[in-house]
J.: 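This is the structure I want to talk about, given as structure tokens.
As the structure is a prediction and not an experimental result, all values here were calculated from the model. All heavy atoms count here, side chains included; hydrogens, waters and symmetry mates do not.
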Amino acid sequence: QVQLVESGGGLVQPGGSLRLSCAASGSIFTIADMGWYRQASEKGRELVAIISSSGITDYTDSVKGRFVISRDNAKNTVFLQMNTLKPEDTTVYYCNAGVRRWSSDNMNDFWGQGAQVTVSS
């Protein structure tokens, strides 16, 4: 099995910064895209940022210029540096990875447990 464990959420004042981390472990052959999603109320989860195995990134418009996604392929870890945080960034953030396990020819999506980010004065 594969596990994704997130860390780094918390409470921060508007304009502040937080860094989320997500480490994948288990029976991993290779990881393709890794990304961060956030809960968007009744809309479900929305994609915040994504990074390919070669480092190509993409962001939703509302976080461009404020958030930076990066990854350490040697450690199967993805990061989300969140700067200039706003109250509307408050929600639960989930990491996601497309993983091929040693026991399978298929790619499967795995999710982290979620990290609460609260932006409030």
J.: If you round to the nearest 0.5 Å, how far is CZ of F110 from OG of S25?
T.: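 Reported value, rounded in 0.5 Å steps: 11.0 Å.
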
J.: So which atom in L47 and which in T60 form the shortest heavy-atom distance, rounded to 0.1 Å?
T.: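 Answer, listing the atom of L47 first, then T60: O-CB, 3.4 Å.
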
J.: Sub-3.5 Å donor-acceptor pair from the side chain of E46 to the main-chain atoms of A40, do we have one?
T.: no

J.: Nearest 0.5 angstrom please: N76 CG to Q3 CD, how far?
T.: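 If I round to the nearest 0.5 Å, the distance is 12.0 Å.
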
J.: Please list, chain by chain and in numerical order, all residues satisfying salt bridge (charged side-chain N to carboxylate O under 4.0 Å, His left out) with D33, sequence neighbours excluded.
T.: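 Counting only residues at least two positions away or on another chain, D33 forms no salt bridge (charged side-chain N to carboxylate O under 4.0 Å, His left out).
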
J.: Are I51 and I56 close enough, and set up right, to give a side chain to side chain contact (heavy atoms under 4.5 Å, CB included), and what steps lead you there?
T.: CA-CA 5 Å; I51 183 168; I56 298 172; over 6 Å; no

J.: For R38, run the side chain to side chain donor-acceptor pair (under 3.5 Å) check against T90, D89, T91 and tell me which one passes.
T.: D89

J.: Evaluate the side-chain hydrogen bond (donor to acceptor under 3.5 Å, both in side chains) criterion for residues N83 and S17: first the C-alpha distance (whole Å), next the side-chain angles of each, then the deciding distance (0.1 Å), finally the verdict.
T.: CA-CA 4 Å; N83 303 317; S17 297; 3.0 Å; yes

J.: May I have the step-by-step check of side chain to side chain contact (heavy atoms under 4.5 Å, CB included) for M82 and Y93, ending in yes or no?
T.: CA-CA 11 Å; M82 302 184 291; Y93 287 72; 4.1 Å; yes

J.: Ignoring hydrogens and angles, tell me if any N or O in the side chain of R66 forms a donor-acceptor pair with the backbone of T84 under 3.5 Å.
T.: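 Such a contact is found between R66 side chain and T84 backbone.
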
J.: Applying side chain to side chain donor-acceptor pair (under 3.5 Å), which residue pairs with at least one partner in residues 112-121 are found, sequence neighbours left out?
T.: Q116-T118

J.: Please test R100 against N106 for side-chain hydrogen bond (donor to acceptor under 3.5 Å, both in side chains), starting from the C-alpha separation and ending with a verdict.
T.: CA-CA 6 Å; R100 179 181 168 188; N106 301 318; over 6 Å; no

J.: To the nearest 0.5 angstrom, please state how far the CD atom of Q13 sits from the CG atom of L11.
T.: 8.0 Å

J.: Compare every heavy atom of A24 with every heavy atom of I31, then report the nearest pair and how far apart it is.
T.: CD1-CB, 4.0 Å

J.: Quick one: disulfide bond (SG atoms under 2.5 Å apart) pairs with a partner in residues 39-87, sequence neighbours left out?
T.: none

J.: Cluster question for you: counting only ILVMFWY and a side-chain heavy-atom cut-off of under 4.5 Å, with indirect links fine, are L20 and V12 together?
T.: yes

J.: Would you mind listing every ring-ring contact (aromatic ring centres under 6.0 Å, His included) that reaches into residues 33-70, with sequence neighbours excluded?
T.: Y37-W111

J.: When you group the ILVMFWY residues by side-chain heavy-atom contacts below 4.5 Å and let the links chain together, are M34 and F79 in the same group?
T.: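 No: no chain of side-chain contacts under 4.5 Å links F79 to M34.
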
J.: Could you walk me through whether L80 and V68 pass the side chain to side chain contact (heavy atoms under 4.5 Å, CB included) check?
T.: CA-CA 6 Å; L80 186 68; V68 179; over 6 Å; no

J.: Output all residues satisfying side chain to side chain donor-acceptor pair (under 3.5 Å) with R19, sequence neighbours left out; order by chain, then residue number.
T.: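 Side chain to side chain donor-acceptor pair (under 3.5 Å) check on R19 returns nothing, list empty.
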
J.: For C95 versus L4, what's the shortest heavy-atom pair and its separation?
T.: SG-CD2, 3.6 Å

J.: R71: which residues meet the salt bridge (charged side-chain N to carboxylate O under 4.0 Å, His left out) condition with it, sequence neighbours left out?
T.: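 So R71 forms no salt bridge (charged side-chain N to carboxylate O under 4.0 Å, His left out) with any residue.
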
J.: If Ile, Leu, Val, Met, Phe, Trp and Tyr residues are connected whenever their side-chain heavy atoms lie under 4.5 Å apart, and connections chain through other members, are L85 and Y94 in the same group?
T.: no

J.: To the nearest 0.5 Å, what is the distance between OG1 on T57 and CD1 on I50?
T.: 10.0 Å

J.: Look only at the side chain of S103 and the backbone of R101, and say whether a donor-acceptor pair between them is shorter than 3.5 Å.
T.: no

